**Q** 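Handing you a structure now.
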Amino acid sequence: MRFVSRGLVVIAAMGLAGGGAAQQAAPDAKTGSAVRDPYSRALQTYQFKKAAASGPERGREIFYYKCWFCHNEYTKHAPQLTGLFKRETLLSGLPVSTETVKDRIRNGGEGMAAYKYTLSEADIDDLVGFVREECCWNSDAPPLNPAYKPQ
């Protein structure tokens, strides 16, 4: 019993000393929001900005993390998105347009999750730009990691 309580005290002390204070960023004096390290690769991943800061290339990354799981060439239950903007209607019967596709991403539909709380408007704009211009790719050759430098 003594060893268990000592272990819990040690774990609690480690959490307070190392984890809590180091994880919080100090607020910026001008804006009042937390300062973020622009060189953090974790932040680039979290904001879907490893491949590009904006545009269809960033949309490709968002598609890979959020959409590819269901909308790939192997799935039988979700529609393929290749050539989506060449079709006349969505599966729901609505005409294919930028606004209807954005609405479907935001609010979901039958069998599709809603992403209005997960993706920002900029994320949705970049995602729709990718689906309109370049969608999709061969799953045997996913997008390259721009941080990888072969030697």
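Computed from a prediction, not measured in an experiment: that's the story for all the values here. Any value given below was found using the heavy atoms of this structure, including those in side chains, with hydrogens, waters and symmetry copies removed.
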**Q** For a 4.5 angstrom cut-off between non-hydrogen side-chain atoms, does Ile124 reach Val101?
**A** no
**Q** Name every donor-acceptor pair, under 3.5 Å, that has one atom in a side chain of residues 106-114 and the other anywhere in the protein, sequence neighbours excluded.
**A**
unit_1	atom_1	unit_2	atom_2	d
Arg106	NE	Glu121	OE2	2.9
Arg106	NH2	Glu121	OE1	3.1
Asn107	ND2	Asp103	OD1	2.6

**Q** How far apart are the closest heavy atoms of Ser92 and Arg104, and which atoms are they?
**A** OG-NH2, 3.0 Å
**Q** Is Leu94 linked to Leu91 within one hydrophobic cluster, defined over Ile, Leu, Val, Met, Phe, Trp and Tyr using a side-chain heavy-atom separation of less than 4.5 Å?
**A** no
**Q** Run the salt bridge (Lys or Arg N to Asp or Glu O under 4.0 Å) test against Lys116 and tell me which residues pass, sequence neighbours left out.
**A** none
**Q** Mind listing the side-chain donor-acceptor pairs of residues 127-134 below 3.5 Å, one per line with the distance, residues two or more places apart or on another chain?
**A**
unit_1	atom_1	unit_2	atom_2	d
Arg132	NH2	Thr98	OG1	2.2
Glu134	OE1	Arg60	NH2	2.5

**Q** According to a hydrophobic-cluster definition based on side-chain heavy atoms being under 4.5 Å apart (Ile, Leu, Val, Met, Phe, Trp, Tyr only), do Leu81 and Phe85 belong together?
**A** yes
**Q** I'd like to know if the side chain of Gln80 reaches the main chain of Asn72, judged simply by a donor and an acceptor atom lying under 3.5 Å from each other, with no hydrogens or angles considered.
**A** yes
**Q** Roughly how far, to the nearest 0.5 Å, is the OG1 atom of Thr82 from the CD atom of Glu73?
**A** 8.0 Å
**Q** Rounded to the nearest 0.5 Å, what separates atom CH2 in Trp68 from atom SG in Cys136?
**A** 11.0 Å
**Q** Please step through side chain to side chain contact (heavy atoms under 4.5 Å, CB included) for the pair Lys102 and Asp125, ending with a clear verdict.
**A** CA-CA 8 Å; Lys102 285 182 181 182; Asp125 290 341; 2.6 Å; yes
**Q** Take Asp123 and Tyr115, measure what side chain to side chain contact (heavy atoms under 4.5 Å, CB included) needs, and give me the verdict at the end.
**A** CA-CA 10 Å; Asp123 295 340; Tyr115 287 97; over 6 Å; no
